[in-house]
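Written below as structure tokens is the structure these notes are about.
Source: prediction; values computed, not measured. One-based numbering, in listed order, for ligands and for the atoms of each.
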Amino acid sequence: MHPPRGHTADRPHRPALRQLLLLLDLDNTIVDRGAGLLRWAEEFSREHSLGADAVEWLMTADGDGLKPRDRYFAEVQQRFTLPAAPDELHHAYQARYPRHMYCPQSVLDQLARLRDSGWTIGVITNGLTTTQEAVLEHTGLIAYLDGWSISEAEGVCKPDKAHFERAASRCGSSLDDGGWMIGDSIDADVCGAKGAGLSTIWISRQRTWPIGLPPPDHAVGDIAEALQFMLAHTAW
Ligand SMILES: [Mg+2]
């Protein structure tokens, strides 16, 4: 049984070191949401016998996860003239989608090493509480975190500073001593974290940082590289 939302987990073997805060975005940062969604879309297409082009349509219509799910499933229902109501489709998605999400053990091991080095680690994510908590649980991430903050539960979204404050608080920490944020969203993660006084690592996903925008402190290709950077720059 996992702890309640935002619970600060016990860490009996934690070394008494200076504790810095490391916040992590979830989708397309720690977990490859695109790959997980593709697995869900393939399953959904098979289940409903949707035909050859359905998977590509489901992926495109998803809008990289930014489209509200009620609107997405209204479009899905209409596009494929499914007998199930959009609410039912969404409900089924909430049950199945998290089970298609994975986090490599090597990344979980990196998180464990950072915590053992004195870092306080939290997830900050914009999304639905039920879905995101199920992803944290299914991927095993929940055991490696000091806390987590989900926008639906908190009533506030990144890039709002209040969400970063809440995430820090959920980890038993605060933004007063600074810390780091790792994420793939230019606006929500990097600009938001900068506004909250955090240093930033951007997961570029083969994109170029926009000209004219203050850059992140560091840019990397994926989460493994980001966590390796943190481990390499942990001075104690
Ligand atoms: Mg993201």
Side-chain angles (χ1 to χ4, degrees), residues 6 21-41 59-69 72 93-94 97-98 100-104 107-108 110-111 121-142 144-145 147-154 156-164 166-168 170-171 179-196 198-210 213 215-227 229-230:
L21 177 66
L22 172 59
L23 295 179
L24 306 158
D25 169 51
L26 184 60
D27 291 329
N28 289 328
T29 292
I30 318 180
V31 298
D32 186 344
R33 181 184 182 276
L37 187 80
L38 178 60
R39 287 187 284 270
W40 168 82
M59 295 298 291
T60 304
D62 170 69
D64 208 17
L66 299 178
K67 184 177 290 179
R69 294 298 86 176
Y72 178 63
Y93 166 87
Q94 285 183 317
Y97 161 88
H100 291 290
M101 305 298 283
Y102 298 97
C103 183
V107 169
L108 297 176
Q110 286 178 301
L111 292 175
I121 301 179
V123 159
I124 174 169
T125 175
N126 288 349
L128 300 177
T129 310
T130 305
T131 306
Q132 300 300 68
E133 286 196 334
V135 171
L136 290 178
E137 189 158 19
H138 180 70
T139 55
L141 275 162
I142 215 158
Y144 295 80
L145 302 176
W148 57 93
S149 179
I150 301 170
S151 62
E152 184 190 41
E154 308 292 2
V156 65
C157 292
K158 296 176 289 185
D160 192 324
K161 184 181 177 183
H163 197 191
F164 290 90
R166 186 56 66 93
R170 292 288 187 195
C171 295
W180 285 76
M181 170 73 194
I182 301 173
D184 72 299
S185 167
I186 293 168
D187 183 45
D189 296 327
V190 177
C191 296
K194 275 176 177 288
L198 300 173
S199 301
T200 54
I201 298 179
W202 180 48
I203 309 284
S204 67
R205 297 170 63 196
Q206 291 84 49
R207 296 163 296 165
T208 305
W209 186 261
L213 209 57
D217 294 283
H218 194 58
V220 297
D222 60 25
I223 186 63
E225 201 183 331
L227 296 177
F229 175 87
M230 299 305 295

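Residues Arg33 and Asp62 are paired through a salt bridge, judged by an N-O separation under 4.0 Å between the basic side chain and the carboxylate.
Taking the Mg ion (ligand 1) as reference, Asp25 places its N/O/S atom OD2 nearest. Within Asp27, O is the N, O or S atom that lies nearest to the Mg ion (ligand 1). Taking the Mg ion (ligand 1) as reference, Asp184 places its N/O/S atom OD1 nearest.
Using a 4.5 Å heavy-atom cutoff, the side chains of Arg205 and Asp64 are in contact.
With Asp189 as reference, Asp25 is the one residue of Thr200, Ile182, Asp25 to meet the side-chain contact (heavy atoms from CB on, under 4.5 Å) rule.
Using cut-offs of 30° and 60° on the angle between ring planes, the pair Tyr72 and Trp40 is tilted.
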